[in-house]
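Working notes, beginning with the structure itself.
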Amino acid sequence: MNDEDHTIEKLTQIARELRILALKAITEAKSGHPGGSLSAADIVTTLFFHQMSHDPQNPHCPDRDRFVLSKGHGCPILYAALAKAGYFPESELLTTLRKVNSRIQGHPDHVRFPFMETSSGSLGQGLSIAQGMALAAQIDKKKYKIYCLLGDGEIQEGQIWETAMSAPKYHLDNLIAIIDANKGQIDGYTKDVMNLSPLKQKWEAFNWEVQEINGHNFSEILNAFNNTQKEQKKPHLIIANTIKGKGVSFMENNIEWHGTAPTPEQRDKAIQELTSEKYS
Amino acid sequence: MTEYVNINPKVQKASRASFGEALVSIGEKYPEVVVLDADLSVSTKSAGFSKKFPERFFQMGIAESNMIGTAAGLALSGKTPFLCSFGCFVVGRFETIRISIAYNQVNARIIGTHAGLGIGEDGYTQMALEDIALMRSLPGMGVLQPADAIETAKMIEYLAGHHKGPVYVRLTRQNLVTLFNQDYEFQYGKGVMLKEGKHIAILATGGTVYNSYLACEKLDKDGLSTSLINIHTLKPIDEDLILKLARSHKRIVTVEDHNIIGGLGSAVSEVLAEEGASIPLLRLGVQDIYGESGTAEDLYEKYGLSPQKIYESICTDHLQLT
């Protein structure tokens, strides 16, 4: 095994654990968004357990890389990553998500839970916020990067395209946006609700450095992030083609799992699949 | 009159102009101050800062939501952003302010210029008449409106270096008469007594303070002794002062270049009603209707905010009540 194989093996295992943790938390909460949490799991895993410079022992270190979850409803997978990384106890995630007095809200809350770099959930705002962080790094001549995860449905918001215009103006090559292109949104498939294609050409036309990858292939994810580390005087966009509900057969590509919690029986069936040999 | 008051109609300046000058001076003193504008820097007067500190000025184009979110990101990274546009355009992106700035509780200073009827000829579409109401409804959002150049400068200095949390500042296109001298000290959340009387307490804000002062002079001549209070902080409102005035006066009048719903009149009525203060309240302002084109003076006359109209409304109200 070479180094990349080792990394991929490690990330595959962590992503599996994060998926299970997120599904357990959503089941306990009796509400939440499994579809978009599972589609983002491999990207989030790669960021927190390989790509990003961050330290749970020094969580507010000024030089840390930032992760902005613009698609705020995907927060169960982010909470799972933070718990797994040691920012807060897994038991807290499994018992308090979405419950009254909890710091882990149904959508990210920066004030209650400052490990969230920003509050989000009202779609379309996170990329602007990430841009502001990138500008601050530029002013302060800091090297940290800002990773911003968007939903593909989310980019129907007009504010996204305002930032699509402004980030290239400021040559923000420290800004790395990732679209979790899982092709689904609440009312159906994105192609039917509001067609986004040609997605790559749109962002290229706005002068972003665009890559398109399979968002469940760690080799491609690692390579794509690696390509973003060079100074190119352009902001980066990774279109990660993903599967909504990835890893659980009965959730995959099924819009009904956008915002529905599994029953305990469905959770157990999902965990069984995720821990089986077939999961990859 | 109190020692910090020095009303001088010969010296006039728009609060946006005072803001632009203040911004340049705080830029020197506070390196964390950054400024964003949405293609109105010549009008909002943030252009002076852009020339002096180009590396800390961000021209965001005609895209206010992106400006708001970007400012939030800068604030989350330790900067103190002043983000500027016409009041109606920036507050119109309410949902972005609500989440990116207010819910995050960041140190952003939202500057809304050309407030109210005072914008004049451009007409209703450019006229912020609901901005105070919207910004007051956001938890933790301070809402400020200075009444002259000196108050503006001191307010901006305070916001650059001393205030925690998000704030909306409402500024005028039109010139404002100087009300204060350099002894004036800005105190967040405190009403400012301009003159003390006995019968009627007039609380005014921004561009209506001087007109209210002229109305007071006429009322005093008629034997109706008036107090005049400048309310530069609409939220948090100075509850103690309002209740004190309610105890010592027979009428309260509010004057604002804003819809009477949700603005100063509403804020004062909430304080009075909750305390059970049995004092009549007259709310002068835009009476829940849209504005229109015209000179600022003509509009103030038509919508009841000229000195003469303020005077007449208070006289009519007084006659009805006595």
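First the proteins, then the strands, lettered A, B, ... as listed; each starts at 1. Note that the structure is predicted; figures quoted are calculated from it, not measured.
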Point-to-point distance, once rounded to the nearest 0.5 Å, from CD1 of A:Ile160 to CG of B:Asn66: 9.0 Å
Criterion side chain to side chain contact (heavy atoms under 4.5 Å, CB included) on A:Gln131 and B:Met60, from CA distance to verdict: CA-CA 12 Å; A:Gln131 170 177 257; B:Met60 304 306 294; 3.6 Å; yes
Side chain proximity check, A:Leu135 to B:Phe58, heavy atoms < 4.5 angstrom: yes
Proximity breakdown for B:Leu76 and chain A, heavy-atom pairs closer than 4.5 Å: side chain
Expected output: side-chain A:Lys169 to main-chain B:Gln59 donor-acceptor under 3.5 Å: yes
Heavy-atom pairs under 4.5 Å with chain B, option from A:Gly121, A:Gly126, A:Gly158, A:Ser166 with the top count: A:Ser166
Close side-chain approach of A:Met133 and B:Leu74, heavy atoms under 4.5 Å: no
Straight-line distance of B:Glu64 CD to A:Gln159 CD, nearest 0.5 Å: 10.5 Å
B:Lys190 atom NZ, neighbour heavy-atom count above 12 within 6.0 Å: no
A:Pro108 to B:Tyr103 - nearest heavy-atom pair and separation: O-CE2, 4.4 Å
Contacting region of A:Lys142 [heavy-atom separation from chain B under 4.5 Å]: neither
Side chain / backbone / both / neither for B:Val34 at chain A, heavy atoms under 4.5 Å: side chain
Chain B contact via A:Gln138 - which portion, at a heavy-atom distance below 4.5 Å: neither
Inter-residue atom distance B:Gln105.CD - A:His110.NE2, 0.5 Å rounding: 8.5 Å
Exam field: side chain A:Gln125 to backbone B:Ile97, donor-acceptor pair closer than 3.5 Å: no
Side chain, backbone, both or neither of B:Glu55 within contact of chain A (heavy atoms, under 4.5 Å): backbone
OG-CH2 distance between B:Ser65 and A:Trp161, expressed to the nearest 0.5 angstrom: 15.5 Å
B:Ile99 CD1 to A:Ser119 OG distance, which is reported to the nearest 0.5 Å: 7.0 Å
Pairwise side-chain contact, B:Lys79 with A:Asp140, heavy-atom cut-off 4.5 Å (strictly under): yes
B:Glu32 side, atom CD; A:Ile139 side, atom CD1 - distance, nearest 0.5 Å: 11.0 Å
Heavy atoms of other groups near B:Tyr124 OH, more than 12 under 6.0 Å: yes
